[in-house]
Participant: 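Shown below is the structure under consideration.
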Amino acid sequence: MDNWEYARLEYRAAGTLGSDRFMDWTATFHHPGGLLRWGTDERFDDIRHLNRAGLAGWQAYDRAVIHVKDEPHRLSSVTYSMRRPLPVDPPSVPGVS
């Protein structure tokens with residue numbers, strides 16, 4: 001049985017003004033060690049950030065999407081739920097070093 005630690009990757013539209021306000025995307029990674037700001041992309045390109053998390057052993061197991069009400073059908077944010085197994089120390093055996 002694995003014990004897991006959990007994290008999430010939030011990918012949100014960063015802009016607030018103009019007709020391109022949904023074009024810039026900010027990636028923020030929340031994990032047990034704290035919050036990491038992974039920068040802003042000029043277009044929706046979450047694969048780079050998912051690959052970065054994957055290299056650290058994180059697995060995405062859920063994706064939640066939010067659209068803004070009364071706005072054109074555009075994404076406002078995408079949140080990926082992630083997990084990775086905690087390292088397990090082998091059981092100690094008395095008399096064995």
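Remember, it's a predicted structure, so these values are computed and weren't measured experimentally.
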Participant: As a quick check of understanding, evaluate side chain to side chain contact (heavy atoms under 4.5 Å, CB included) for D41 and R48, giving each step before the final call.
Facilitator: CA-CA 10 Å; D41 295 330; R48 180 171 60 103; 2.3 Å; yes
Participant: So, for W58 and E5, which heavy atoms are closest and what is the spacing to 0.1 Å?
Facilitator: CZ3-O, 3.3 Å
Participant: Please check if the side chain of R84 supplies one atom and the backbone of A56 the other of a donor-acceptor pair under 3.5 Å.
Facilitator: yes
Participant: How long is the straight-line distance from CZ of R12 back to OG1 of T40, given to the nearest 0.5 Å?
Facilitator: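 If I round to the nearest 0.5 Å, the distance is 13.0 Å.
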Participant: Is it the case that one hydrophobic cluster holds both L50 and L55, taking links as side-chain heavy atoms less than 4.5 Å apart, direct or via other members?
Facilitator: no
Participant: Check whether any side-chain heavy atom of Y6 lies under 4.5 Å from a side-chain heavy atom of M82, and answer yes or no.
Facilitator: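 No, too far: nothing below the 4.5 Å cut-off.
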Participant: Please state whether the rings of Y11 and H49 are parallel, tilted or perpendicular, taking 30° and 60° as the class boundaries.
Facilitator: tilted
Participant: When clusters are formed by joining ILVMFWY residues with side-chain heavy atoms under 4.5 Å apart, either directly or through shared neighbours, do Y61 and L86 land in the same one?
Facilitator: no
Participant: Under the criterion side chain to side chain contact (heavy atoms under 4.5 Å, CB included), I'd like the reasoning laid out for H31 against L36: C-alpha separation, chi angles, the key distance, then a yes or no.
Facilitator: CA-CA 8 Å; H31 64 101; L36 298 172; 3.6 Å; yes
Participant: Within 45° of the six-membered ring axis of Y80 and under 6.0 Å from that ring's centre, is NZ or CZ of R8 located there?
Facilitator: no
Participant: Which atom names give the shortest non-hydrogen contact between A7 and F29, and what distance separates them?
Facilitator: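 Distance-wise, the nearest heavy atoms are CB-CZ, 3.7 Å.
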Participant: Looking at side-chain heavy atoms only, is the closest gap between L9 and H30 below 4.5 Å?
Facilitator: no
Participant: May I ask you to test the T79-R63 pair for a side-chain heavy-atom distance under 4.5 Å?
Facilitator: no
